[in-house]
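As structure tokens, the structure follows; a few thoughts come after it.
Basis for what follows: all heavy atoms, side chains included, without hydrogens, waters or symmetry-related copies.
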Amino acid sequence: MAEPPLYPVAGTVGPQGDEDRLGLPDGSEAPLDELVGAYPNYNEEEEERRYYRRKRLGVLKNVLAASAGGMLTYGVYLGLLQMQLVLHYDETYREVKYGNMGLPDIDSKMLIGINVTPIAALLYTPVLIRFFGTKWMMFLGVGIYALFVSTNYWERYYTLVPSAVALGMAIVPLWASMGNYITRMAQKYYEYSHYKERDEQGPQQRPPRGSHAPYLLVFQAIFYGFFHLSFACAQLPMIYFLNHYLYDLNHTLFNVHSCGTNSQGILSGFNKTVLRTLPRSRNLIVVESVLMAVAFLAMLLVLGLCGAAYRPTEEIDLRSVGWGNIFQLPFKHVRDFRLRHLVPFFIYSGFEVLFACTGLALGYGVCSVGLERLAYLLVAYSLGASASSVLGLLGLWLPRQVPLVSGAALHLLLTLSLFFWAPKPRVLQHIWILYVAAVLWGVGSALNKTGLTTLLGILYEDKERQDFIFTIYHWWQAVAIFIVYLGSSLPMKVKLAVLLLTLVVATLSYLAMEQKLRRGVAPRQPRIPRPQHKVRGYRYLEEDNSDESDAEGERGGGAGGGGQGDGAEEEALPLGGRPGPEPAGFCRRSCPYEQAQEGDGPEEK
């Protein structure tokens with residue numbers, strides 16, 4: 001039996017014809033209250049429940065859209081860069097297609113732009129995020145990745161190098177905005193799930209510390225499950241296009257004599273010709289057009305499906321602390337011992353991803369089983385990491401140290417094993433070991449990434465700090481990538497030793513931080529200045545300041561006489577509802593409402 005509708009359908013005839021049960025006429029003769037008044041069976045609690053359910057579904061939509069957009073963006077970038085470097089490595093392709101244009105020099109400068117430019121990102125990333133906002137910074141970053149893809153239609157110095165520099169500038173802002181966005185979505189989901197508790201406590205009462213942690217674990221697992229799939233998506237151009245033009249391993253590895261831990265640099269002795277036949281320009285344009293369409297789709301996902309991370313008034317308050325303070329605050333956060341202890345883990349997080357793509361995939365994989373199997377090794381790493389992102393949910397039942405330390409322990413065992421393994425070139429009997437190592441390394445990477453970002457979201461809950469924290473995290477990752485770029489020609493044993501040393505130091509430093517927190521050592525956090533609004537409107541005259549940040553709410557009346565020094569947004573109105581007289585030393589222009597109340601308007605003169 002179908003349930004009756006929640007509200008009566010307008011214009012329907014009741015059981016008494018044109019009159020309802022009370023005997024009142026219906027239609028044009030009905031009383032005014034019957035037409036404009038509230039429904040007699042209006043269920044406010046049910047409407048509130050439906051409203052917050054739509055809000056929660058909107059948050060889930062935001063998380064999925066941001067995750068899919070990040071996956072497509074990074075997958076297109078990696079796939080294009082990998083295909084471009086393979087084509088430009090072949091000397092026949094360079095001579096036939098580009099002659100004496102100096103393509104290797106262009107590629108080297110392009111890699112410098114991608115790897116070196118992010119070193120300066122700490123100077124401008126917080127300013128860009130606060131100026132554009134989190135969502136629009138994500139959109140701008142994805143757009144710059146799409147710009148890099150578009151320049152490959154015409155490969156020249158003046159197209160590739162400037163776009164690579166712009167891409168290097170966008171790396172840290174994009175991924176810092178992504179981390180901040182996912183954390184904010186977890187906090188908003190908690191607010192929409194516990195709206196009754198929030199109404200009882202009052203809008204100015206901040207939720208208990210760590211209350212959003214379960215949702216943050218789930219959302220970070222979703223995000224990194226998508227993100228690690230980008231490595232598999234990046235191999236589709238290799239699998240379905242470029243592999244058909246490659247020589248087999250007997251040709252490309254003819255002069256390779258040592259692999260694995262005995263290797264020097266990247267693919268020493270690798271043949272200079274890797275293409276049996278040159279791909280037609282028309283086919284290359286088709287592949288690049290598909291990649292460009294996917295990059296454009298990622299832009300549309302971020303633009304159309306991702307909602308704002310903050311309310312408009314919160315965005316205004318985040319900008320109103322002063323651009324000089326925004327510039328300085330990432331450096332001031334170095335005072336916090338928690339960040340200082342996590343810096344080695346930030347660096348290792350950059351090391352291990354680059355080692356999976358270069359050291360393990362090239363030094364152990366391509367060096368021994370050929371370039372035509374590179375894509376399948378990276379697909380194994382990608383699928384292992386994506387599936388293992390679910391293991392980050394172990395933090396729901398286990399202490400938060402367990403996932404992070406487990407991933408570090410797994411990488412420690414793999415690094416020690418690789419330190420003593422040197423596979424022979426052109427021998428396929430050990431290929432299963434390579435696939436197992438790639439999958440296990442992906443498991444450790446997933447535990448590392450989900451554990452670190454979740455830990456940062458739990459330790460730093462204040463919404464006015466999160467963009468600074470994720471900027472610092474991704475900046476140290478960029479520094480690690482720059483170090484790997486500088487040391488690309490080192491022997492494999494040196495690379496493994498540096499990786500091993502960084503991992504041990506990072507784990508010990510993290511455990512020391514947790515020990516300090518258990519002892520109750522209070523971290524020293526820099527003070528976030530109060531918003532200083534140049535224009536004071538009606539919303540800053542209310543007693544209940546809806547734009548007050550969480551940290552301000554805690555300081556709210558216990559700051560003594562320091563409140564006026566930070567800004568007067570929270571001054572209460574007198575009981576009569578009219579603004580009282582300003583203190584003698586506090587000068588500002590009265591707003592139109594105050595002028596009218598005080599009789600200063602022209603009509604009363």
Side-chain angles (χ1 to χ4, degrees), residues 71 74-75 78-79 82-83 85-86 224-244 246-250 252-253 256 258-263 266-267 270 274 351-391 406-450 492 495-496 499-500 503:
M71 175 194 71
Y74 203 62
L78 286 182
Q82 178 179 332
M83 185 178 70
L85 293 178
V86 170
Y224 281 104
F226 275 90
F227 174 77
H228 285 115
L229 282 178
S230 63
F231 293 90
C233 296
Q235 306 313 309
L236 296 180
M238 285 284 293
I239 295 174
Y240 292 105
F241 174 67
L242 202 56
N243 274 2
H244 303 297
L246 296 177
Y247 276 114
D248 62 358
L249 73 165
N250 292 319
T252 55
L253 303 178
V256 176
S258 59
C259 292
T261 187
N262 296 329
S263 61
I266 297 179
L267 298 179
F270 202 69
V274 296
F351 279 169
E352 60 95 4
V353 175
L354 264 292
F355 180 78
C357 297
T358 59
L360 182 61
L362 297 181
Y364 285 84
V366 175
C367 183
S368 59
V369 297
L371 185 61
E372 63 271 22
R373 292 174 179 82
L374 169 64
Y376 302 104
L377 285 174
L378 290 177
V379 167
Y381 165 78
S382 173
L383 296 180
S386 179
S388 301
S389 298
V390 183
L391 296 178
S406 300
L410 180 58
H411 276 181
L412 180 66
L413 294 176
L414 285 172
T415 306
L416 289 175
S417 302
L418 294 175
F419 204 92
F420 299 100
W421 185 42
K424 295 181 179 180
R426 303 183 299 280
V427 176
L428 299 179
Q429 282 78 6
H430 57 263
I431 191 172
W432 66 273
I433 302 178
L434 289 171
Y435 284 116
V436 170
V439 171
L440 292 180
W441 196 273
V443 174
S445 296
L447 292 173
N448 180 355
K449 294 293 187 296
T450 54
M492 181 61 71
K495 297 178 182 178
L496 290 171
L499 191 69
L500 192 63
L503 177 58

Between Gln82 and Leu85, is there a side-chain heavy-atom distance shorter than 4.5 Å? no
All heavy atoms of Leu246 vs all of Met238, minimum pair found to be CD1-CE, 4.4 Å
Which of parallel (below 30°), tilted (30 to 60°) and perpendicular (above 60°) describes Trp441 and His411? parallel
Roughly how far apart are Leu78 CG and Cys233 SG, rounded to 0.5 Å? 10.0 Å
For a 4.5 angstrom cut-off between non-hydrogen side-chain atoms, does Leu434 reach Ser368? yes
Please tell me whether Tyr364 and Ser263 have a donor and an acceptor in their side chains that are separated by less than 3.5 angstrom. no
Drop me the distance from Lys424's NZ to Asn262's CG, to the nearest 0.5 angstrom. 12.0 Å
Taking the side chain as every heavy atom from C-beta outward, state whether Val256 and Cys367 have any pair of such atoms under 4.5 Å apart. yes
Heavy-atom closest pair (His228 atom, Ala385 atom, distance to 0.1 Å) is CG-CB, 3.5 Å
Side-chain donor or acceptor of Ser230 paired with backbone N/O of Met71 under 3.5 Å: no
Ala375 to Gln235 - nearest heavy-atom pair and separation: CA-OE1, 3.4 Å
To the nearest 0.5 Å, atom OG1 of Thr450 lies from atom OH of Tyr224 at 8.5 Å
Quick one: does any side-chain atom of Ser386 pair with a main-chain N or O of Gly225 as donor and acceptor, under 3.5 Å? yes
Side-chain contact test, heavy atoms from C-beta onward, threshold under 4.5 Å: evaluate it for Leu242 versus Pro237 and give yes or no. no
Note, Val274 side chain near Tyr247 side chain (heavy atom, < 4.5 Å): no
Measuring from Leu440:CG to Leu360:CG, what's the distance to the nearest 0.5 Å? 10.5 Å
The test is side chain to side chain contact (heavy atoms under 4.5 Å, CB included); show your working for Leu371 and Phe270 and say whether it passes. CA-CA 10 Å; Leu371 185 61; Phe270 202 69; 4.1 Å; yes
When you compare the side chain of Val353 with that of Lys449, does any pair of heavy atoms fall below 4.5 Å? yes
Nearest non-hydrogen partners of Gly365 and Leu377, listed with the distance: CA-CD1, 3.5 Å
Verdict with supporting geometry, Arg373 and Leu428, side chain to side chain contact (heavy atoms under 4.5 Å, CB included): CA-CA 11 Å; Arg373 292 174 179 82; Leu428 299 179; 3.8 Å; yes
Nearest heavy-atom contact between Tyr381 and Ser445 is OH-OG, 3.2 Å
When rounded to the nearest 0.5 angstrom, what is the spacing between CG in Leu391 and OG in Ser406? 9.0 Å
Compare every heavy atom of Leu378 with every heavy atom of Ala361, then report the nearest pair and how far apart it is. CB-CD2, 3.9 Å
Evaluate Phe355 against Leu418 for side chain to side chain contact (heavy atoms under 4.5 Å, CB included), listing each step before the verdict. CA-CA 12 Å; Phe355 180 78; Leu418 294 175; 3.8 Å; yes
Pairwise distance CZ(Arg426) to OG1(Thr252) - rounded to 0.5 angstrom: 9.0 Å
Is there a side chain to side chain contact (heavy atoms under 4.5 Å, CB included) between Thr261 and Trp421 once you walk through the steps? CA-CA 6 Å; Thr261 187; Trp421 185 42; 5.8 Å; no
Do the non-hydrogen side-chain atoms of Met492 and Leu496 ever get within less than 4.5 Å of each other? yes
